[in-house]
Structures are given as C-alpha cells and as structure tokens.
J.: 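The structure under discussion is supplied below as structure tokens; questions concerning it will follow.
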Amino acid sequence: MFDIKWIRDNPTAFDAALANRKNVPFSAAQLIGIDEQRRATIQRLNDAQEKRNATSKLIGQAKAQKDETRVAALMAEVAGLKDIIQSGEAEQRELDTKLRDALSVIPNMPLDGVPIGDDETGNIEYFGRNGTAETAATIRAPRPVFAFAPKEHYETGEAMGQMDFEIAAKISGSRFVVLKSDLARLERAIGQFMLDLHVDEHGYTEVQPPLLVKDDALFGTNQLPKFEDDLFFVPHGDGRLALIPTAEVPMTNLVRETIVAEDELPLRFTALTPCFRSEAGSAGRDTRGMLRQHQFNKVEMVAITTPETSTDEHEKMLGDAEDVLQKLGIHYRVMTLCTGDMGFGAQKTYDIEAWLPGQDTYREISSVSVCGDFQARRMDARFKGKDGKVRHVHTLNGSGVAVGRALIAVMENYQQEDGSIAIPAVLQPYMRGRTSIGGRS
RNA sequence: GGAGAGGUGGCCGAGUGGUCGAAGGCGCACGCCUGGAAAGUGUGUAGGCGGGUAACCGUCUCAAGGGUUCGAAUCCCUUUCUCUCCGCCA
C-alpha cells in the first residue's frame with residue numbers, strides 16, 4: 001500500500017510508475033483529492049477539540065472553586081462543540097476508510113530496470129547479477145537427453161499405480177490427487193530436503209505456521225481485498241477463516257504490528273506447508289496431471305529486511321531457490337517478470353522455470369519477489385534504526401520451491417525407459433538410500 | 001463449550017470522573033563522580049495524525065471499537081486476547 005504523503009509529494013512519479021501496470025483504478029489527482037478533504041476535516045476537528053479541552057480544564061478549575069456561575073457560563077460556551085466533534089469524528093472515519101480503500105487496490109510500483117511489457121511475452125531471461133548465459137550454464141544442469149520419447153509425469157505416475165486422479169476426484173473432485181507408496185515418499189523426501197537445505201545452509205529459521213488465517217493477515221499480504229475469489233474459506237464463529245494459499249501469509253505476518261530492532265534484521269523464515277487455492281479463474285488450464293491443484297505442498301521463504309538491503313536480499317533468495325534445482329540436477333531458467341506480468345504487491349519478481357521434458361517446455365516452479373514496504377505498510381511492520389528512527393521494513397517472499405511441481409520435474413527429468421524413476425543423489429538419504437523407484441522391479 | 005479474574009509506556013506496577021500521556025521502580029542512553037569499575041547521583045527515555053523550513057504547536061492513543069459526560073485510563077455496551085477452574089479432545 002502506498003503512503004499518501006509520498007503520492008502528495010510525487011504525483012507525476014506515481015502516475016508515471018504505474019502507467020505500465022494493469023488495473024490501476026485511481027490517479028494521483030483522485031487520491032490527493034480524497035486526502036485534501038480528509039485533512040481539512042482533521043484540521044476542523046482538531047480545532048474544535050482544542051477548544052473543548054481548554055474549556056473543560058477551566059470548568060474543572062471553576063468547580064474546584066465552587067464558582068457555579070462561571071461553570072454555567074463555560075458550559076454554555078462549549079454546548080455546541082460536542083455535536084461538531086462527533087460529526088467531525090464520523091466524517092474523519094469515513095474519509096480515512098475511503099482513502100484506505102482506494103489505496104489498498106493500487107498495485108505496487110515496479111523498481112527501475114523491471115522490463116516493461118503487457119504479459120509473459122515481455123519477460124526477460126536473467127542470468128544473475130553480472131551473469132551471462134555462459135556463466136549460468138556452468139552452474140545449471142543441462143537438459144537431459146533421452147534415447148526414447150519422454151513421458152509426462154502423470155503417465156509414469158499412473159503406470160506405476162502410485163498417482164491416482166480418479167479416486168481423488170471421487171473423494172474431493174477435480175484438481176486433487178492421491179499419491180501412494182514410493183511416490184508419496186518421494187514427495188515427502190523432496191519437501192524435507194528443501195526445508196533442510198534452507199535451514200541448514202541458507203540461514204532461515206524453520207516455522208510451523210497456522211494454516212488458517214484471518215482476513216487481516218490476508219490484507220497484509222495483498223490477497224485481500226482484490227483476490228478473495230482465489231481463496232478457500234471456512235466458517236468460524238460468526239466470521240470465517242481462510243486456508244492459506246501460501247505460507248507467505250502467516251510468515252510475513254509474523255512481524256505485523258511490531259517494531260523490531262535493526263540489528264535483528266534480516267529475519268529469514270521458511271516453512272513446508274500445504275497451500276490451498278480455488279483456481280477460480282483458471283478453468284480449463286492445466287487440467288491434466290498435478291501441475292495445478294487445489295491443494296499442494298510448498299516450501300516457502302520469507303525475509304524481513306531494512307530498505308537498504310532488500311534488493312540484495314532478493315538476489316540471495318533467488319540464489320537459495322536456484323540452489324534447490326542445482327542440487328536436484330534439474331535444468332531451469334530464470335525470468336525477470338515484466339510490469340504487466342508481475343503480481344499485485346511486487347516491486348520486482350524472478351520466476352524460476354524448470355525444464356519438463358515430458359511437456360517439452362519450461363514451467364514455473366518458483367517465484368521470488370521483493371515487495372519494498374508495500375506489505376509492511378499494510379500490516380504496520382516497522383523497525384527501529386540505529387539512528388533511532390522508526391521506518392517500515394521491507395518484505396520478500398519466494399518459493400523454495402513448490403513441492404508438487406518439483407516432484408513433477410524429478411519424475412520427468414529422471415525417468416528411465418523402463419518406466420522407473422532414478423532418485424537424485426541428494427534425495428537418496430531421504431529414500432532409505434534407494435537409487436530408483438517404480439518400473440519393473 | 002461453562003464459570004471466574006484480568007489486559008496501563010521496553011518491562012513491572014500505581015491510578016475508580018477534572019491540572020493524567022499517565023506516580024514509583026526496573027531496564028536503557030548520556031553526563032557527573034572514580035585510576036578504572038561497582039555503588040551513588042543528575043538528565044533523558046512511545047507511537048500515529050495535522051500544521052510549521054525548523055525550534056515547536058495542536059490532536060489522538062492506558063487491548064480494540066462504540067457510547068455516556070462540559071470533561072473518561074477511571075462509568076456503560078460490544079469485540080478480542082491472556083490467566084485459573086470445569087468439560088471435551090489429537
């Protein structure tokens with residue numbers, strides 16, 4: 001969410017920066033208009049309150065002196081103020097809400113250098129800071145070469161008898177899956193491996209967050225008010241709770257309404273949780289296989305930083321997510337999302353796309369975003385600097401990575417001609433040392 | 001789910017209608033004292049909003065939101081959280 005004071009001071013910069021984003025419902029001039037009404041109201045209200053407070057003090061003194069005529073005179077003087085103050089307070093509440101509602105549906109401002117474009121065709125491949133395609137190729141696994149036609153994950157999974165969409169549909173409907181036996185264990189192994197990696201080697205604190213969250217938490221991480229349709233809700237008391245669409249929600253909100261000391265930053269959190277998404281807007285997309293499910297596991301990373309360090313942290317977090325694929329030996333590329341393809345709250349986003357030989361294409365497996373103070377403002381998360389000043393923190397989030405999609409990537413990249421799946425070396429300790437599953441055994 | 005007790009500044013804690021943004025203590029910061037430290041001592045120690053170049057001024061905040069009153073930390077209502085006991089429970 002934007003700071004209205006900043007918009008007031010930089011109206012042309014505001015309009016220019018958001019010109020390349022979609023769905024910007026208000027211009028700087030419109031917002032400033034609401035704000036001017038609001039400030040005029042505050043001024044009137046403050047003046048009336050000042051008068052009331054001063055006079056009330058005099059009444060107190062007069063009462064102490066038992067000067068009843070003076071008391072009566074003073075009370076007559078403030079008689080009309082009560083109504084003015086009450087209506088002024090109501091008016092201010094109304095204008096505060098109006099301004100907040102308007103600000104809360106404006107997307108974040110892209111950082112300088114984010115490519116300008118309308119959709120995913122405007123995204124640009126990224127090879128790391130000062131990186132090139134050549135240097136990237138030295139650390140990323142190459143595409144695997146097959147002596148046979150590689151299959152899609154659901155073909156091998158169903159042939160193994162360990163991935164069942166039909167029974168899942170009977171139990172829960174479309175966009176669910178049942179994994180069994182070695183494949184279920186492999187899914188678990190991937191999740192454990194990634195979580196351990198981030199905790200043991202990348203400096204993140206492991207978190208077991210709530211999976212059901214309040215509307216306020218969702219507002220903090222931008223899911224509300226605009227993206228309510230993407231969520232599942234359960235009734236609770238007179239209200240409701242949402243199933244988290246990502247652990248970004250509870251983990252970023254760990255700092256909501258707090259002021260942390262600068263020397264505690266950066267905070268780095270990671271969690272392995274189920275995620276729940278209604279996929280309301282994606283009917284017909286990716287209906288085969290487990291690419292797009294209502295429920296999936298994901299390892300999520302969240303970082304809380306100072307404003308000065310957030311872009312460096314963004315590069316680090318991207319590297320942490322890439323490390324997962326490098327250690328798994330899966331070929332991938334990184335894309336810098338363009339202005340038209342970025343999420344609502346992001347200043348800049350890198351997507352990691354894993355190579356899926358069965359589909360003969362790259363598919364998103366991780367998304368790493370820096371949000372600046374956009375979310376911090378929404379949930380009032382601040383830090384006290386070494387200079388004593390209190391400012392909003394910066395927040396970042398990234399998948400490290402989606403477990404279900406990583407399973408797909410392993411299945412497709414490590415498939416063998418006999419229908420078995422080789423186990424990447426880093427996962428073997430989590431698989432009782434086995435080197436392959438499925439196939440003719 | 002039932003019954004009761006509570007939520008005051010970084011922490012503890014006083015405060016039941018008027019000069020209380022809030023005594024006192026702890027902690028912290030700076031200074032004095034000291035060879036240095038401890039002890040002692042002095043000063044300072046929240047955030048939001050509005051106005052102002054600034055110093056500063058005004059206003060709001062004693063869990064949150066409403067209300068009563070000329071005036072609310074203090075009275076009333078609602079919500080929420082914590083604690084104790086009972087019930088239920090992986």
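The shown structure was predicted, so the numbers you read here are calculated from the model rather than taken from an experiment. Labels below follow one simple rule: chain letters A, B, ... track the order of the sequence lines, proteins then strands, and each chain is numbered from 1.
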J.: According to the Watson-Crick and G-U wobble definitions, with both distances under 3.5 Å, which nucleotide is paired to A64(B)?
T.: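 U78(B) - that is the nucleotide pairing with A64(B), both distances being under 3.5 Å.
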J.: Base, sugar-phosphate or nothing for R38(A)? Non-hydrogen atoms, less than 4.0 Å.
T.: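 Sugar-phosphate: the residue R38(A), judged by heavy atoms under 4.0 Å, touches backbone atoms but no base.
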J.: Let's test this: given Watson-Crick or G-U wobble pairing with both distances under 3.5 Å, identify the partner of C88(B).
T.: none
J.: Would you mind telling me which residue lines up with the more 5' stretch of RNA chain B, I4(A) or K57(A), judged by nearest nucleotide?
T.: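 The residue closer to the strand's 5' end, by nearest nucleotide, is K57(A).
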J.: Using Watson-Crick or G-U wobble geometry with both distances under 3.5 Å, which nucleotide pairs with C30(B)?
T.: G42(B)
J.: Roughly how many Å apart are U53(B) and G15(B), using the C1' atom of each and rounding to a whole number?
T.: 42 Å
J.: Please state how far atom CG in L45(A) lies from atom P in G51(B), giving the value in whole angstrom units.
T.: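 Nearest whole value for this atom pair: 14 Å.
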J.: With both distances kept under 3.5 Å, what pairs with C70(B), Watson-Crick or G-U wobble?
T.: G18(B)
J.: Which is true for R377(A) with a 4.0 Å heavy-atom rule: it touches a base, it touches only sugar-phosphate, or it touches nothing?
T.: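 It contacts nothing in the nucleic acid.
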J.: Partner of C83(B) by Watson-Crick or G-U wobble geometry, both contacts under 3.5 Å, or none?
T.: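 By the stated definition (distances under 3.5 Å), G4(B) pairs with C83(B).
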J.: Between G66(B) and G18(B), how far apart are the P atoms? Round to whole Å, please.
T.: 24 Å
J.: State whether D47(A) and K51(A) are salt-bridged, where the test is any N-O pair (Lys NZ or Arg NE/NH1/NH2 against Asp/Glu carboxylate O) under 4.0 Å.
T.: no
J.: If you assign each of A54(A) and R39(A) to its closest nucleotide in RNA chain B, which residue comes earlier from the 5' end?
T.: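 First, find each residue's nearest nucleotide; the 5'-ward one identifies R39(A).
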J.: For the P atoms, the ones on G10(B) and on A22(B), what distance do you get once it is rounded to whole angstrom?
T.: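 These two P atoms come out 15 Å apart once rounded.
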J.: Under a 3.5 Å limit for both distances, which nucleotide forms a Watson-Crick or G-U wobble pair with A54(B), could you say?
T.: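 Looking at the geometry, A54(B) pairs with no nucleotide.
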J.: When you compare the side chain of Y350(A) with that of E315(A), does any pair of heavy atoms fall below 4.5 Å?
T.: yes
